[in-house]
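Shown next, in structure tokens, is the structure this report addresses.
Note that the numbering runs from 1 along the sequence shown for the chain.
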Amino acid sequence: MQVLVNTANNVVGTEPWTASVEAMVRERLARFEDRLTRVEVHVVDESAPPTRNPDKRCAIEARPAGFDPVAATETAETIDQATVGALTKLATALDRTFGKTTTRKGH
């Protein structure tokens with residue numbers, strides 16, 4: 001599984017931060033690792049001046065082999081919170097996607 005981390009121009013994506021995001025993605029999606037070809041993480045700070053509104057957005061797109069891409073987005077006050085939220089949503093969506101292909105109760 002290839003993990004790509006992309007940041008907007010107004011977000012500083014240092015090498016250690018990128019490595020920690022990649023490790024977080026690999027940890028949270030480990031059970032799907034053999035079924036995913038690529039995961040792309042996009043991080044954006046939607047408002048440049050500091051505001052009280054949640055303005056950090058993380059969008060994650062997973063590319064399962066043989067399926068259409070699955071995506072999830074989360075907005076939060078910090079980039080880490082947004083990333084964790086998006087990963088949680090993505091894991092649920094992947095569970096649903098792969099769950100539809102498995103046979104249950106003899107069907």
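- Here the OG1 atom belonging to T78 is positioned 11.0 Å from the CG atom belonging to D45, to the nearest 0.5 angstrom.
- When atom types are taken as modelled, the side chain of R26 and the backbone of M1 share a donor-acceptor pair closer than 3.5 angstrom.
- Each of T73, D95, V41, L29 was checked for a side chain to side chain contact (heavy atoms under 4.5 Å, CB included) with L90, and the lone residue meeting it is L29.
- Rounding to the nearest 0.5 angstrom, the gap separating the OG1 atom in T88 from the CD1 atom in I60 is 9.0 Å.
- Within the model, atoms CD of E33 and CD of E27 stand 12.0 Å from one another, a figure rounded to the nearest 0.5 Å.
- In this structure, V21 is not a member of the same hydrophobic cluster as V44, with clusters built from ILVMFWY side-chain heavy atoms closer than 4.5 Å.
- Using a 4.5 Å cut-off on side-chain heavy atoms (C-beta onward), V5 and V25 make no contact.
- Listed for the T37 side chain is a donor-acceptor partner under 3.5 Å among the backbone atoms of R63.
- Atom CG of D80 and atom NZ of K56 lie 11.0 Å apart (nearest 0.5 Å).
- The heavy-atom pair separating A76 from A82 by the smallest distance is CB-N, 3.6 Å.
- Residue A86 comes nearest to A72 through the heavy atom pair O-CB, 3.6 Å, listed as atom of the first residue, atom of the second, then distance.
- Closest heavy-atom contact between P69 and P64: CA-CD, 4.1 Å.
- The number of heavy-atom neighbours closer than 6.0 Å to CD of E15, taken from other residues, nucleotides and ligands shown, is 12 or below.
- Note: E40 CD to L4 CG = 5.5 Å, rounded to the nearest 0.5 Å.
- In this structure, OG1 on T97 lies 8.5 Å from CZ on F32, to the nearest 0.5 angstrom.
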